[in-house]
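Notes follow once the structure below has been shown.
Each chain gets a letter, A, B and so on, in the order the sequences are listed, and its residues count up from 1.
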Protein chains: 2
Amino acid sequence: MKAYVLYLTQSRLLFIIMGKILKVGRWSMSDQKTDRRIIRTKRMLRDALTVLMEEKGFERITVSDLTEKADINRGTFYLHYQDKFDLLKKSEEEIIDGLRELKTKIILPTEIESAPLHLVKLFEYIADNARFMKLILGPKGDPGFQVKLKRFMETTFLEKAMKRSNHESLSVPIEHLMAYVTSAHLGVIQHWLESGMQQTPQEMASTVMKITFYGPAQLAGLKQSPPQDNGGH
Amino acid sequence: MKAYVLYLTQSRLLFIIMGKILKVGRWSMSDQKTDRRIIRTKRMLRDALTVLMEEKGFERITVSDLTEKADINRGTFYLHYQDKFDLLKKSEEEIIDGLRELKTKIILPTEIESAPLHLVKLFEYIADNARFMKLILGPKGDPGFQVKLKRFMETTFLEKAMKRSNHESLSVPIEHLMAYVTSAHLGVIQHWLESGMQQTPQEMASTVMKITFYGPAQLAGLKQSPPQDNGGH
DNA sequence: TAATAAAACAACAGCTTGTCCATTACTTAG
DNA sequence: CTAAGTAATGGACAAGCTGTTGTTTTATTA
């Protein structure tokens with residue numbers, strides 16, 4: 001398998017492999033993350049993204065908007081990101097990475113039945129990143145991020161709990177139960193963000209746990225009509 | 001108050017009022033919806049929208065794409081819609097209107113505790129419009145539509161049920177309970193669509209009702225750790 | 001201070017947008 | 001069936017955005 005260097009400009013490297021042109025990202029001898037200029041540029045662009053999403057929503061943003069708001073040359077943008085979708089994706093990944101860090105920190109020997117503490121930490125993290133979270137999870141945000149967040153919740157603190165349950169006793173498919181709970185959690189988070197975060201992360205976690213354990217209907221005091229099984233016929 | 005007709009092109013009408021230019025939508029003597037050509041054009045464009053959203057997602061679609069796929073002159077597009085966002089919005093509104101019709105049809109004297117039947121009808125309607133629903137509620141869809149759908153569920157069959165509950169007994173804020181349940185419903189719908197709709201609408205409605213009544217944790221057999229109130233301190 | 005890399009500048013073809021006009025094709029009321 | 005009315009077409013336009021490039025300037029760091 002041969003690889004020919006085809007072209008080499010400032011920070012761009014192109015290969016031809018098997019007759020196909022392949023663009024292989026960026027070219028640099030030094031450590032990418034050291035240079036202050038890079039960090040500054042990226043920070044400016046991500047800040048600009050946030051501001052502009054608040055102003056007009058992601059769909060209406062152009063790369064020109066971003067670089068103008070960030071006070072950066074438009075060409076510089078393309079030195080770091082492919083397009084505005086790439087910028088969004090990488091901003092999202094940063095948030096998810098933060099979540100994953102949270103996860104490794106949180107597994108302590110003291111908490112075996114630790115779902116509530118997990119939840120509190122999650123709400124705290126969201127509060128710390130409220131501005132971006134509110135946007136990305138809001139009505140003009142990115143539904144793909146919702147999926148990522150739900151998947152994170154599922155693998156982190158729900159799957160574990162569910163694994164411990166007695167599957168045979170489940171009268172509903174586990175996948176639906178999962179979809180129900182993760183989405184419910186997400187919905188409460190969204191509402192919390194939209195309504196200006198009037199409650200503390202502790203209160204929110206407690207609320208969510210209560211509903212999950214006692215059930216929405218029980219908590220609302222609706223006991224008069226237990227659901228009859230009309231799924232069979 | 002004077003109004004001067006400034007300009008009149010094919011199907012466009014412009015005013016100047018108090019020195020300000022005002023574009024007043026569309027101009028036509030006849031009933032907009034009668035003409036077969038209009039109906040055909042709109043249908044073609046909405047079909048093209050669906051296909052293209054499947055192909056590349058809404059963000060990547062251009063008006064040129066739409067008109068090319070629909071085999072329609074690009075100028076014609078602007079005779080009916082402002083831009084691609086307008087087309088999406090109107091397609092969504094059509095779906096929501098269908099839901100509202102469902103709602104008026106459904107209120108029959110036989111069902112007082114009718115939440116389950118409401119739900120079955122909802123799932124049936126979604127199945128009937130599965131292709132568009134899957135897209136619009138999917139990871140490349142429109143989060144704004146999720147909000148609309150949740151609001152519909154809230155006002156239609158949840159608010160009524162909640163109103164009947166004894167509010168004083170609620171140990172969690174009703175708004176959070178609402179957010180929890182509507183989002184949970186939405187999540188199950190999304191999962192159902194994503195996974196190829198293996199279950200019947202009846203089964204789905206039954207599943208959702210069960211979880212809502214007995215609670216996710218109870219159904220999973222997790223009874224060992226009832227949530228202690230850690231929201232206070 | 002010298003080597004190195006990022007950013008700025010300026011230009012480019014190609015594409016999309018929204019709008020317009022004149023012409024053609026279709027629809028429907030009479 | 002015809003004629004009036006209206007939608008659709010084709011062609012054109014300026015304006016704006018995109019992604020890329022080569023050259024020059026500026027900043028960083030060893």
What is the distance, to the nearest angstrom, from the [atom1] atom on [X] to the [atom2] atom on [N]?
X	N	atom1	atom2	value
B/Ile39	C/dT27	CD1	P	11 Å
A/Leu45	C/dA6	CG	C1'	13 Å
A/Gln82	D/dC17	CD	C1'	18 Å
B/Ile38	D/dG5	CD1	C1'	12 Å
B/Phe85	C/dT16	CZ	C1'	13 Å
A/Tyr81	D/dT20	OH	C1'	19 Å
A/Arg43	C/dA7	CZ	P	12 Å
B/Asn73	D/dG11	CG	P	9 Å

Original post:
Does A/Arg37 get its side chain close enough to the base of C/dA7, under 3.5 Å, for a donor-acceptor pair?
Top reply: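 Checked by distance alone, the answer is no.
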
Subject >> Inter-axis angle, terminal five-pair segments of the helix from C/dT1-D/dA30 to C/dG30-D/dC1 [nearest 10°] >> reply: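 It comes to 40° between the two terminal axes.
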
Does the pair [X]/[Y] count as a salt bridge with the N-to-O cut at 4.0 Å?
X	Y	value
A/Asp65	A/Lys56	yes
B/Glu92	B/Lys148	yes
A/Glu54	A/Arg131	yes

Which one, [options], comes nearest to the side chain of [X]?
X	options	answer
A/Thr41	C/dT17, C/dA7, D/dA7	C/dA7
B/Arg36	C/dT27, D/dT20, D/dA27	C/dT27
A/His80	C/dA7, C/dA6, D/dA7	C/dA7
A/Arg74	D/dT9, C/dT17, D/dG19	D/dG19

**OP:** With sequence neighbours left out, write down each residue that passes salt bridge (charged side-chain N to carboxylate O under 4.0 Å, His left out) with B/Lys89, or none if nothing qualifies.
**Re:**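 Counting only residues at least two positions away or on another chain, B/Lys89 forms no salt bridge (charged side-chain N to carboxylate O under 4.0 Å, His left out).
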
Subject >> By salt bridge (charged side-chain N to carboxylate O under 4.0 Å, His left out) - contacts of A/Glu55 (at least two apart) >> reply: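 With neighbours one apart ignored, the set is A/Lys69.
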
Original post:
Residues from residues 53-69 of chain A sitting under 4.0 Å of DNA chain D, heavy atoms only?
Top reply: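 Residues of residues 53-69 of chain A that come under 4.0 Å of DNA chain D are, in numerical order, A/Thr62, A/Val63, A/Ser64.
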
Subject >> More than 12 heavy atoms of other groups within 6.0 Å of A/Asp97 CG >> reply: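 Yes, the 6.0 Å shell around CG holds more than 12 heavy atoms from other groups.
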
Original post:
Is atom NZ of B/Lys90 surrounded by more than 12 heavy atoms (other residues, nucleotides or ligands) closer than 6.0 Å?
Top reply: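 Yes, the 6.0 Å shell around NZ holds more than 12 heavy atoms from other groups.
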
**OP:** Check side-chain contact (heavy atoms from CB on, under 4.5 Å) between A/Glu59 and all other residues, then give those that pass, not counting sequence neighbours.
**Re:**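 Result, side-chain contact (heavy atoms from CB on, under 4.5 Å) vs A/Glu59: B/Phe58, B/Glu59, B/Phe85.
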
Original post:
Counting only side-chain N and O atoms of A/Tyr78, is one of them less than 4.0 Å from OP1 or OP2 of D/dT20?
Top reply: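 No, A/Tyr78 has no side-chain N/O under 4.0 Å of OP1/OP2 on D/dT20.
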
Original post:
Looking at residues at least two apart in the chain, or sitting in another chain, which of them share a side chain to side chain donor-acceptor pair (under 3.5 Å) with A/Gln82?
Top reply: none

